[in-house]
Amino acid sequence: MKINKKKKIINKKHILSAIKIYKSPFWMYDYKKIKEKIFQLKKFDIIRFAQKSCSNIHILKIMKKYGTKIDAVSLGEIERALKAGFKGNCNDIVYTSDIIENETLKKVIKYNIPVNIGSIDMIKKIGKKSKNHKIWLRINPRFGDGHNKKTNTGGKNSKHGIWNIKKAINLIKKYNLKLIGLHMHIGSGANYFHLKKVCNSMIKQAILINKKINFISAGGGLTIPYKIHEKEINIKNYFKIWNKSKKIIEKKLKCSIKLEIEPGRFLVAESGILISQIQSIKKVKNRIFVLVNVGFNDLIRPVLYGSYHYISILPIDNRKINYSNTINVIIGGPLCESGDIFTQKENSKIYTITLPIIKRGDYIIFHDVGAYGASMSSNYNSRPLIPEILFKDNNFIQIRRKQTIKEMLSLEI
Ligand code: LLP
C-alpha cells in the first residue's frame, strides 16, 4: 500500500516540515490543486462555489481571485463571502435556501443579494418586504441522486426546491419579484447518468415557465475519484450537453442566458488532506484497532455516510517502509463513542484496510478531505477545532489556528 502517485498532492517532505511547525492534527490544502480545478470549469459562463464544502475565508479568497462567484446558504455564509471580498448589489453572491429567517432577510435586502428560492413561503416572505427583489427558482425536477440518500436533493423525499411551479410563478407575479434564473441541483456526489438527465428537465421547465431569464444553473453534484480506480468526470462532455441545452432555451425564450455551475466537492475535495498521528495500536481478539488523534468530530463523512477516504502513512522516524510486510487494521479516533471508526461502510459495518507495519507515533493521512471535511467539524467530546494550513508556493500559511479550550468554553461562561 504505497502512497499512490495520483493521490500525492503535497509531498512527504513538505508534510513532515508542516508537522514540525503545527504538530498534528491539522488540515492542509494545496493552493495549486484548487486553482487547477477552477480552470477545468472555465468554459461555463459562471462558476459559483458552494462554500458549504469548505468555507474558510482564505479559500473563498482564492475562489474570488480566479473569478468564481459564491453561493451562501446561511447568514454566516453571507458574512463569510462579504469578508472574503465578494460584493452585494451584484451577482457575486446568491443566497440559496428553502427558508429565510428574519435576520437573513434583512441582510439580503440591505446588500441586494439575489435569492434562490426553494419554497412558496419564501416567495411570500421576500415579496412582502422587498418589491422587485431579484430571485431564482430552485426547481425540484422530481428525481434526484447522491452518493448517499442523505445527499439526494430531488424527488418526493427531498425537502428541497419548488414542486408547484405554477403556484410559484403566480406568487412571483403577485409580489412583483424579478425572476432572473432557474436552478436545479439533484444531489451531491450524483451519478453522471442522472446529472445529464437534469438538462432535459431544465429545458422543459424553462419552456413551460416561458419568461425571459438571465441565468440557468446546473447546480453542483459533480463527484471526484475517491478510490484509486475511479475515473474523473468528463467535464468537456458535461459542458457540451449543458451548453446545448442553454442554446435551446435561449432560442425558445428569445433571450440570452448565462450558464452557471455550482460545485463544492469538485473544486476543493482533492486539494485537502488531514494529518493525524497514531496514539495507540490495540489488539482486540483477532482485530487491530489503530487509534489516531482525530475523530468524527473532525472528519464525519465516514461515520455519517460510510464515505471512503484513501489513507496513507508517514513514519515518524524516517525509517524505510517495507510494503511487503503488511497488517490489516481498523482506523478509529479518540471519541467516547464506538462508532468513531473511519473504516466503516454505509451500513456501519466495520472493515479493515491493509497497511505496512506501523508503530505508535507514525502519521496517518486521510486524502481528498478538502470538501465537507473541516466545514463539517464540531466540538463533540469538547475537542477544539484543529488548524487549517494552506500550502502555497512551497510555503505554509496558517489559515485557521487551533481553537483553544478557553474559546470553546467562553460561550457558556
Ligand atoms: N448547490 C446546492 C444547492 C447544494 O445543496 C450543494 C450541496 C451544492 C451546490 C454542492 O454540491 P457538491 O458539488 O459539493 O456535490 N456533506 C455531504 C455533501 C452535502 C452537500 C449539500 N449540498 C458530503 O460530505 O458528501
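Computed from a predicted model, the values in this text were never measured in an experiment. These numbers come from the heavy atoms of this one structure, side chains and all, not from hydrogens, waters or symmetry mates.
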S.K.: Determine yes or no for a side-chain-to-main-chain donor-acceptor pair under 3.5 angstrom, with D340 supplying the side chain and G295 the backbone.
M.R.: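 Flag not set: sc D340 to bb G295 has no pair under 3.5 Å.
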S.K.: Heavy atoms only: give me the nearest F342-L299 pair and the separation to one decimal.
M.R.: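 Looks like CE2-O, 3.5 Å.
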S.K.: Checking side-chain hydrogen bond (donor to acceptor under 3.5 Å, both in side chains) for the pair H160/D98: CA distance, chi angles, key distance, verdict?
M.R.: CA-CA 6 Å; H160 295 294; D98 300 276; 2.7 Å; yes
S.K.: Does anything in residues 77-86 form a salt bridge (charged side-chain N to carboxylate O under 4.0 Å, His left out)? List the pairs, not counting sequence neighbours.
M.R.: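 Non-adjacent pairs meeting salt bridge (charged side-chain N to carboxylate O under 4.0 Å, His left out): E79-K107.
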S.K.: Would the Y29 and F391 ring centres measure less than 6.0 Å apart?
M.R.: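 No.
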S.K.: Closer than 4.0 angstrom, basic N to acidic O: yes or no for R319 and D317?
M.R.: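 Salt bridge present between R319 and D317.
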S.K.: Can you tell me which residue among I275, D298, I273 is in a side chain to side chain contact (heavy atoms under 4.5 Å, CB included) with W27?
M.R.: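 The passing option is D298.
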S.K.: Can you check side-chain hydrogen bond (donor to acceptor under 3.5 Å, both in side chains) on K156 and N140, steps first, answer last?
M.R.: CA-CA 9 Å; K156 64 178 193 288; N140 180 337; over 6 Å; no
S.K.: Between the side chain of S55 and the main-chain N/O of K52, is any donor-acceptor distance below 3.5 Å?
M.R.: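 Not at all, since once roles are kept as given, no pair shorter than 3.5 Å links the two residues.
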S.K.: When R48 is tested against each of N116, T68, N91 for side chain to side chain donor-acceptor pair (under 3.5 Å), which residue passes?
M.R.: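 That would be N91; it is the only one of N116, T68, N91 passing the side chain to side chain donor-acceptor pair (under 3.5 Å) with R48.
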S.K.: Can you pull the salt bridge (charged side-chain N to carboxylate O under 4.0 Å, His left out) pairs that have at least one residue in residues 377-390, sequence neighbours excluded?
M.R.: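 The answer is E388-R400.
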S.K.: Could E36 and K33 be called an ion pair, given the rule that one side-chain N must be under 4.0 Å from one carboxylate O?
M.R.: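 Between K33 and E36 there is a salt bridge, with a charged N closer than 4.0 Å to a carboxylate O.
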S.K.: I'd like to know if K246 pairs up with D45 as an ion pair, taking the criterion as any Lys NZ or Arg NE/NH1/NH2 lying under 4.0 Å from an Asp or Glu carboxylate oxygen.
M.R.: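 Salt bridge present between K246 and D45.
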S.K.: Salt-bridge test for R401 and E407: reply yes if a basic N is under 4.0 Å from a carboxylate O, no otherwise.
M.R.: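 A salt bridge is present here (some side-chain N lies under 4.0 Å from a carboxylate O).
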